Amino acid sequence: MSIVTDIESLALRPDSSVAVLTGAGISAESGIHTFRDAGGIWEQYDLEEVATEPGFLQDPVRAWKLYSKLRAHASACKPNAAHTALATLEERLEERGRFTLITQNVDGLHQKAGSRNVIPIHGSLFMSRCSNHECPAAGAPFEDETDYGDHSPECPRCGRPLRPHVVWFGEYLDPALEQASRDAVLDCDVFIAVGTSGVVYPAAGYVFAASSVGARTVLVNLDPPENLSRFNEFHPGKAAEILPTLLDFPG
Ligand code: OAD
């Protein structure tokens, strides 16, 4: 693994197959809190209470207070230069290459920046679904931008609490999204992870899959993450400062 401090283009070819994994760090410069950095979300809130199903069911109002706040905040935030650089790369690879953006973020900023082939493996802040597994509406997430404030919304079909359509601790990823992510990683020749601490699986393991097929593995992150040694190259620093140059096409 080499640490690259000069910010230079990765010199990607127009026929490259690129898979990107992003985490909370890419949105930090848009004003969105990360989870595990100092002052991050898991320092401010008890993860068991607001990011597990039992915690939610114990007190849905408590969880919705947080998710309504995150929803309102994310909808007011704008994509930064790192989001834009990825959307531009996707456009440039459109003709001859392949591009997949796997994101753990639920803030919608990649889509706002114009990225199209996005796999939101941890769901979306802007969708809700019924929390009752027995209700047909549990399998039918819907777009929902409502700020519920101090209120917990109810499912119109069964009356039980609606929940945010995000993946909580102890829950499985949507199998179709998980499969699409794995396929993209196993099919790439360049894998780029951006702004993620490498502790939450299965996303933290995608670099192993990319290495197993001989892909070049590149990491852009402010601090060295847990899975640092698995990458070929580490570009330390802020995503918005590094990515526009790193992803620039030569010539
Ligand atoms: P974390 O908060 O765990 O990690 C954010 C990473 O971004 C850290 O390694 C920082 O060093 C880095 N970082 C911070 N600012 C940055 C910047 N400007 N540019 C580049 N890197 C920066 O966030 P995630 O890895 O995304 O899951 O967390 C993974 C999952 O854990 C989240 O999706 C969420 C959380 O619990 C669920 O809620 C299921």
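All of these numbers come straight from a predicted model, not from anything done at the bench. Whatever order the structure lists ligands and atoms in, that order sets their numbers, starting from 1.
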Original post:
For Ser9 and Asp248, does a side-chain donor sit closer than 3.5 Å to a side-chain acceptor?
Top reply: no
**OP:** Look at the aromatic rings of Phe169 and Trp42 and report parallel, tilted or perpendicular, splitting at 30° and 60°.
**Re:** perpendicular
Original post:
According to the interplanar angle, ranging from 0 to 90°, do the rings of His151 and Tyr148 count as parallel (below 30°), tilted (30 to 60°) or perpendicular (above 60°)?
Top reply: tilted
**OP:** Apply side-chain contact (heavy atoms from CB on, under 4.5 Å) to the pair Glu171 and Thr52, showing each step before the final yes or no.
**Re:** CA-CA 8 Å; Glu171 296 181 330; Thr52 65; over 6 Å; no
Original post:
Mind checking what residues have non-hydrogen atoms under 4.0 angstrom from ligand 1?
Top reply: Gly23, Ala24, Gly25, Ala28, Glu29, Thr34, Phe35, Arg36, Asp37, Trp42, Gln104, His122, Val167, Phe169, Gly195, Thr196, Ser197, Val200, Asn221, Leu222, Asp223, Gly237, Lys238, Ala239
**OP:** Could you walk me through whether Arg116 and Glu90 pass the side-chain contact (heavy atoms from CB on, under 4.5 Å) test, one step at a time?
**Re:** CA-CA 8 Å; Arg116 280 166 290 134; Glu90 182 172 8; 3.6 Å; yes
Original post:
Which pairs pass ring pair (Phe, Tyr, Trp, His ring centres under 6.0 Å) with one or both residues in residues 186-243, sequence neighbours excluded?
Top reply: none
